[in-house]
Amino acid sequence: MSLKIYNVLTRQKEEFVPLTEGKVNMYVCGPTVYDYSHIGHAKTYVSFDVVVRYLRYIGYDVLYVQNITDVGHMLDTGEDRILKKARQLSALPMQVVETYMRSYFEDMDALGVKRPDISPRASAHIPEQIAMIQKLIEKGHAYVVDGSVYFDVTSFPEYGKLSGRKVEELEEGARVAIREEKRHPADFALWKKADPEHILRWPSPWGEGYPGWHIECSAMATKYLGVTFDIHGGGIDNIFPHNECEIAQSEAAHGEPFARYWMLTGSLTLDGVKMSKSLGNTLTIKDALKRWRPEAIRTFILSSHYSSPIDFSDEAVEAAHKGWQRIWGAVSLTRARLRHAPEGEADPNVVTMLEETKATFIEKMNDDFNAPAALAVLQELTRNVNGLLNERSDLTKGTLAAIDQLYRELGGDVLGIVPETTEASASAEREQGLIELLIELRAQARARKDWATADQIRDRLKALGVVLEDRPDGTTWKLA
RNA sequence: GGCGACGUGGCCAAGUGGUAAGGCAAGGGUCUGCAAAACCCUGAUCACCGGUUCGAAUCCGGUCGUCGCCUCCA
């Protein structure tokens, strides 16, 4: 069975056939780095992280480009977001950019999001953007007015094909254009003339200015992925005008299709309402990570399809966390048992079960990256594994290693919710030794039915965050 | 006002024509010194109305409701 992707451009689920066999060129709109990243960013980039991980898992050579917007993104007041923040902090614009870009990568690293292969910055690609604008002017798709350049939407009949909007409708509902110099209210800026106080500025054929917001993505995607490439991703909230403008600029400039498959992620609300600065209900990734481990947040995000909107709430994340703990418990126990298991080949029956699990998992992911269904497969695997762990004391190293390996692939490599190492192996050797010593002493106490001592050890360790569980084959421990 | 999405058991959520995955919560049970964990068992006819069909959660029409976009947003 082959991979199918819901293509927003055609509003259909289509078989995925890359331009070049075995290779995927992919672009995802990145953040504008003017503040700390919030959990909405987490939803989008974790979603695409799993897309990239899966494409690689099934053998594609993926080139993943995600921009960093550090100039050109205007507020509706016409003010540059970066400049506004810089003024608030009395800092240089590039200090602001540097601060929040580093913060963004920190957050993504913490969430287990693999870094893009290229993270191009808009401010580092001014010449490419200018060249593209010039091409658009030459081809009659853009016009210059007093040092600024605008894209002429009437010159591109397909404008609106992604979002389903029509220029005529836009005109009706459009607010009074702030810049009267535009010929059509829907025309958008490619290049803006810099006012004297605007310090983010570059020389151009039209005078000192700065690029519009949309042109960077077109210019950088083209530079690194080619005129036509395979997948373009982003949040659904950018479908208009941003994504629409990208298509218009690129296809008008090159006369070739831009991205072939468009994948857009659903938005995230917080306790039922959209996050917004004015309501003050934003939750940064850093704050979320103080409450939940990254795997819990990833599991929560992957519990709904990437294209669905999700609502972030304590209860929902907590439920996802519990579900994750069940999987992680089975993985930890498998690895613990592996250390003392008898040598031997893998049990053929278990191997068959694992193969079926893997096949089903792939089937689900092939269906437009259905992570929630894939997660359910992992849960069923976990039920089977826990059953084996409970009932069979004779599991060999081969069997246990095969189980561990499947979790590493599906839960680790693809979904990124199964860590490489368990707490036991990750923690310091001395600490491990101390815990095991206490477990031994407690076992002796239990043997002589000294429950007071046994419980004291367990309770004290629990207070320190070390949870003991007595099983038929011995006591295991894990970090809470 | 325009465009679009959605409405599945207490909660979250898969499932797009053949009699409803999974997780969380709840109840019962097994195991256990106790606990924890795990395992087993128990529950929905899919917002409502009408239509198409041998047959629909799944297609069509309508009603109600929720949300997103249309202006900056991942």
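Numbers restart at 1 for each chain; the letters A, B, ... are given by sequence-line order, proteins then strands. Note that the coordinates shown come from a computational prediction; the quantities given were computed from them, not determined experimentally.
Both His214(A) and Asn390(A) lie near RNA chain B, and the one whose nearest nucleotide falls closer to the 5' end is Asn390(A).
Summarising the geometry, the separation between OH on Tyr6(A) and C1' on rA5(B) is reported as 9 Å, rounded to the nearest angstrom. Distance, Asp459(A) CG to rC34(B) P: 16 Å, rounded to whole Å.
At a cut-off of 3.5 angstrom, counting only N and O atoms as typed in the model, there is no donor on one side facing an acceptor on the other between the side-chain of Arg383(A) and the base of rA38(B). On a pure distance criterion of 3.5 Å, a polar donor-acceptor pair joins the side chain of Asp455(A) and the base of rG33(B).
Within 4.0 Å of His305(A), counting heavy atoms only, lie sugar-phosphate atoms of the nucleic acid but no base atom. Nucleic acid contact for Gly234(A): sugar-phosphate only, since backbone atoms but no base atoms lie under 4.0 Å from a heavy atom of the residue. Among the protein residues, Ser303(A) comes within range of the sugar-phosphate backbone only, with heavy atoms under 4.0 Å from sugar or phosphate atoms but none that close to a base. Nucleic acid contact class of Leu333(A) (heavy atoms, under 4.0 Å, all strands): none. Nucleic acid contact class of Leu268(A) (heavy atoms, under 4.0 Å, all strands): base. Looking at heavy-atom distances under 4.0 Å, Glu318(A) makes no contact with the nucleic acid at all. Nucleic acid contact class of Arg326(A) (heavy atoms, under 4.0 Å, all strands): sugar-phosphate only. Looking at heavy-atom distances under 4.0 Å, Gly30(A) makes contact with sugar-phosphate atoms alone, never a base.
A donor and an acceptor atom, one from each side chain of Asn67(A) and Glu216(A), are located under 3.5 Å apart. Side-chain contact check for Ser313(A) and Asp311(A): no donor-acceptor pair (N or O, by modelled atom type) lies under 3.5 Å. Counted by atom type alone, Ser218(A) and Gln249(A) present one or more donor-acceptor pairs between their side chains at under 3.5 Å.
Pair assignment for rA26(B): rU42(B), on the basis of Watson-Crick or G-U wobble contacts that are both within less than 3.5 Å. Across all strands shown, rG33(B) has no partner, as no Watson-Crick or G-U wobble contact with both distances under 3.5 Å is found. With a cut-off of 3.5 Å on both Watson-Crick or G-U wobble distances, the partner of rG7(B) is given as rC64(B). Across all strands shown, rU53(B) forms no Watson-Crick or G-U wobble pair with both key distances under 3.5 Å. Checking rU19(B) for Watson-Crick or G-U wobble geometry (two distances, each under 3.5 Å) identifies no partner in any strand.
Of all nucleotides listed (rG33(B), rC70(B), rC24(B)), rC70(B) comes nearest to the side chain of Phe240(A).
With centroids closer than 5.5 Å and planes inclined by less than 30 degrees as the test, Tyr45(A) and the base of rA74(B) fail to qualify as a stacked pair.
Two residues are said to be in side-chain contact when any heavy atoms from C-beta on lie closer than 4.5 Å; Ile327(A) and Tyr407(A) meet this criterion. The side-chain heavy atoms of Gln444(A) and Asp450(A), taken from C-beta on, include no pair separated by under 4.5 Å.
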